[in-house]
Structure formats: structure tokens, C-alpha cells
Amino acid sequence: MATFNPVRQDNAIDEIAFAVHFKLPLAGEQLLKDLIDLATEVSDLLPHYEITNSLTLQLNAQQSTNQTSTKPSGIVCYKKSEHVANRQEWTLRVDGNRIVVACSEYSSWGKVSSQAKELLFKALRKIDVKSNPVVEAVLQCVDKFEATDTNATAIDIFNADSAYLTKHVIENGGSSWHIHQGWFKDIDEIQAKLLNNLNINTYNKQYSEKEIIVQGKTINETIVSHLIRIQHTGNPELSNIEELTADDGYLAKAFDAAHDLNKEAIRDLLNNAMLDKIGLSNA
């Protein structure tokens, strides 16, 4: 049996992201001014920021060439990783019709979700949600596992009886495969319907150290990506900033509910040995 290890010493989360989506695109000169103010407000944690641009393509049948133009449309604030080159430990992005906070160095749900919500709520308060309400919240958790044995199979890491795996994957025994699936879950407490998208990919890839490929060496990498879209089913629309951002408000409860679903799926997916390694043992 191949020995798989999680991407971190005590957990397997390679990246986690929290997001809110709005009914309409975010735009306006005042918004950009507010977002630059936001960059100052979060600079203690996210010392760098860049203005993002949108691209507009103009088609004119009377001209032989098309015209394109760009204009400022949002902002991304970030903190560079101290451990991995060209990677950002924390990111706050506001553009299009969404706010996204992402963390690539996960420690625990309590610490990471608290910091993520603080950043998300600061950005959310820059948006007039009365005229542009929130239509959904999103949580995405990406778990990563690696094994140096390129003949690794599904049962080396997964629970053979998991409801999320197919019989064919277990019996086939191959080192490269994928499963993509989705399902709904109702959460009555917050009047929400949660759409789960679970993608599992495992394959052999070239091994690298400090972003330099080591010739002749490969590893088996397994990635479990769980995207949960939380859509409010009650009325009225999510347009009260205080109810959205309270410590026990809608978004806090929505992200906690999504986190519980993610843990439930991971506990069902992984075998006991891997659950022990990431601290989610059912024992």
C-alpha cells in the first residue's frame, strides 16, 4: 500500500476561499475610491494591493480593426507567502460581481474563518447592498495529498465504501482517475439551499523542488475540491448589512454550515489512516 501524506503536517487543506456574489456588477468611480480606502484599512495583514482592470471590446462593421479599451474595475489586496515563492498567503479580491477572500496556508477553521470573515465584512461594508443585494455565498476547500509511489490506488487514501466514490474507481486500481459530482442540501436554520460540487482528481506528475523539476522523479497527487454555493431561499433579499455581517449573522452561519458539510464529506471519503493524519478521525 502506498503512503500518502497531506499537503501540511496536520491538515490537507491547500487553499480555502470565502466569497459573496452580488445581484449586479460592481462599478463606479466612488467604488474605486472606497476600495483604495479598503486597501489602507487592511494593510496590516495585506500590505500589497493592485488595481484590476476590465477589458471592453468594441466591434464596428465599418472598420477593419476592432477597438479595445481597459478601465479600472476592482482591487486585489494580498500578503506574499513566506514559505512558497510566487504564492500569496492571503488574498482579498473585489471585482466583477463578487468579493473573494482566499488563504493558502490553512491552520484551523477557527483562526482562518475568523480572519477571512473580518476581511470579507470590511469589503462588504464598502458596497451598497440595499441597491445591490447579495445573492449567494460560496465556500471552496481544496485538499491535497501526495505519494511518492506512482502505483498508488484509490484505496491507499480513500474509504472503499464511501458514498462519493464509484465502484469502478475502486476496482480499476489505476493511479490516474477523476470523479465530478454535485448535489443539493437544504439548511432550514438559515433558509438556504446549498449546491455541492465535489471534484476528485488523482494523477502522476513530475516532482519539483523549489519550483525546479527533478528529472526522472514523479509523484502521485490527489486533489479533492469541494465547492459549496449557498443560496438564500427566504425573503426578503439579503440587503441588510448588519444582518449579513453580525457575528451570528447570515454569512457567519452560512459559512459554518458549509464547513460542516465539507467535514462530513471528507470524513466519508478518506480511510482511517488518512483521517488520523489530518486530525479528523471518527474514533
Side-chain angles (χ1 to χ4, degrees), residues 1-17 81 83-84 86-89 102-109 112 138-183 195-229 258-283:
M1 177 175 286
T3 300
F4 271 94
N5 288 307
V7 70
R8 306 197 185 287
Q9 185 174 359
D10 58 356
N11 73 78
I13 298 177
D14 188 46
E15 186 168 13
I16 190 167
S81 172
H83 308 288
V84 183
N86 301 318
R87 189 165 189 180
Q88 297 163 357
E89 179 183 350
C103 174
S104 68
E105 295 182 10
Y106 185 90
S107 55
S108 70
W109 175 254
V112 171
V138 180
L139 179 72
Q140 183 172 22
C141 188
V142 179
D143 291 77
K144 183 184 290 187
F145 308 87
E146 294 178 341
T148 55
D149 186 344
T150 55
N151 293 316
T153 65
I155 61 173
D156 292 326
I157 182 173
F158 293 110
N159 166 24
D161 297 321
S162 173
Y164 302 107
L165 299 180
T166 65
K167 185 177 180 181
H168 178 73
V169 163
I170 298 298
E171 293 180 347
N172 183 47
S175 60
S176 298
W177 50 271
H178 69 267
I179 295 176
H180 296 174
Q181 59 189 292
W183 71 95
L195 172 59
N196 294 261
N197 291 118
L198 182 66
N199 297 337
I200 307 171
N201 294 275
T202 185
Y203 57 97
N204 293 330
K205 72 168 192 175
Q206 287 186 301
Y207 178 78
S208 63
E209 291 182 357
K210 297 180 180 180
E211 300 187 335
I212 299 176
I213 293 176
V214 178
Q215 296 296 329
K217 188 174 182 179
T218 58
I219 62 171
N220 185 271
E221 182 175 88
T222 294
I223 296 176
V224 179
S225 175
H226 191 186
L227 177 74
I228 305 172
R229 300 175 59 180
H259 173 60
D260 288 342
L261 286 181
N262 173 250
K263 285 199 301 181
E264 179 182 305
I266 293 299
R267 280 198 173 107
D268 186 272
L269 266 172
L270 302 180
N271 61 34
N272 289 331
M274 186 54 65
L275 288 174
D276 286 338
K277 287 185 177 182
I278 64 172
L280 281 181
S281 175
N282 290 311

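Position 1 is the first residue of the sequence; numbering continues from there. The structure presented is a predicted model; accordingly, all values stated were derived computationally and were not measured.
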- Query: Is the side chain of N172 donor-acceptor paired with the backbone N or O of V169 at a distance under 3.5 Å, no angle test?
  - Reply: no
- Query: Taking side chain as C-beta onward, heavy atoms only, is E105 less than 4.5 Å from S81?
  - Reply: yes
- So do M274 and P6 actually touch side chain to side chain, heavy atoms under 4.5 Å? yes
- Apply side chain to side chain contact (heavy atoms under 4.5 Å, CB included) to the pair I13 and V112, showing each step before the final yes or no. CA-CA 11 Å; I13 298 177; V112 171; over 6 Å; no
- Scan side-chain atoms only and decide if Q140 and S225 contain a donor-acceptor pair under the 3.5 Å cut-off. yes
- Closest heavy-atom pair, N11 versus S107, reported as atoms and distance to 0.1 Å, is ND2-O, 4.0 Å
- Message: Would L165 and W177 count as a side chain to side chain contact (heavy atoms under 4.5 Å, CB included) here? Give the steps.
- Response: CA-CA 11 Å; L165 299 180; W177 50 271; 4.2 Å; yes
- Message: Distance alone, cut at 3.5 Å: any donor-acceptor contact between the side chains of T202 and N220?
- Response: yes
- Task: Mark yes or no for whether N262, through its side chain, and C141, through its backbone, hold a donor-acceptor pair below 3.5 Å.
- Result: no
- Query: Is there side-chain contact between L270 and I157, with heavy atoms separated by less than 4.5 Å?
  - Reply: yes
- Task: Any chance you could measure H83, atom NE2, to E89, atom CD, to the nearest 0.5 Å?
- Result: 6.5 Å
- Reported OH-to-CD1 distance for the pair Y203 and I223, which is rounded to 0.5 angstrom: 4.5 Å
- Message: In the structure I gave you, are the side-chain heavy atoms of L227 and V138 within less than 4.5 Å of one another anywhere?
- Response: yes
- Are side-chain N/O atoms of Q88 and S104 paired as donor and acceptor at under 3.5 Å? no
- Task: Provide the closest heavy-atom pair for L261 versus I228 in the form atom of the first, atom of the second, distance.
- Result: CB-CD1, 4.2 Å
- Task: Quick one: pull up CG in N272 and CG in L280 and give me the separation to the nearest 0.5 Å.
- Result: 11.5 Å
- Using modelled atom types only, decide if a donor and an acceptor are shared between the side chain of T218 and the backbone of K205 within a distance under 3.5 Å. no
- Item | pair L269-L198: side-chain heavy atoms closer than 4.5 Å | yes
- Indicate the atoms forming the closest heavy-atom contact of A258 with L139, along with that distance. CB-CD2, 3.7 Å
- Message: Counting C-beta onward and ignoring hydrogens, is there a side-chain heavy-atom pair between W183 and N197 closer than 4.5 Å?
- Response: no
- I would like to know whether I266 and I278 meet side chain to side chain contact (heavy atoms under 4.5 Å, CB included); could you show each step before the answer? CA-CA 10 Å; I266 293 299; I278 64 172; 4.1 Å; yes
- Determine yes or no for a side-chain-to-main-chain donor-acceptor pair under 3.5 angstrom, with N204 supplying the side chain and T150 the backbone. yes
- Do NZ/NE/NH1/NH2 and the carboxylate oxygens of R87 and D14 come within less than 4.0 Å? yes
- Please determine, by modelled atom types, if N196 and H226 share a side-chain donor-acceptor pair under 3.5 angstrom. yes
- Item | Side-chain (D10) to main-chain (K277) donor-acceptor, under 3.5 angstrom | no
- Kindly indicate whether the side chain of T3, heavy atoms from C-beta on, has any atom under 4.5 Å from the side chain of D149. no
- Hey, are the side chains of V224 and V142 touching, using non-hydrogen atoms and a 4.5 Å cut-off? no
- Does atom NE2 of H180 have more than 12 heavy-atom neighbours, drawn from other residues, nucleotides or ligands, at distances under 6.0 Å? yes
- What do the steps show when you test D143 against Y106 for side chain to side chain contact (heavy atoms under 4.5 Å, CB included), and what is the final call? CA-CA 10 Å; D143 291 77; Y106 185 90; over 6 Å; no
- Query: Between the main-chain N or O of Y164 and the side-chain N or O of Q181, is there a donor-acceptor pair closer than 3.5 Å?
  - Reply: yes
- Query: Does any N or O in the side chain of N271 come within less than 3.5 Å of the main-chain N or O of A160, such that one atom is a donor and the other an acceptor?
  - Reply: no
- Item | Donor-acceptor pair between S281 and D276 side chains, under 3.5 angstrom | yes
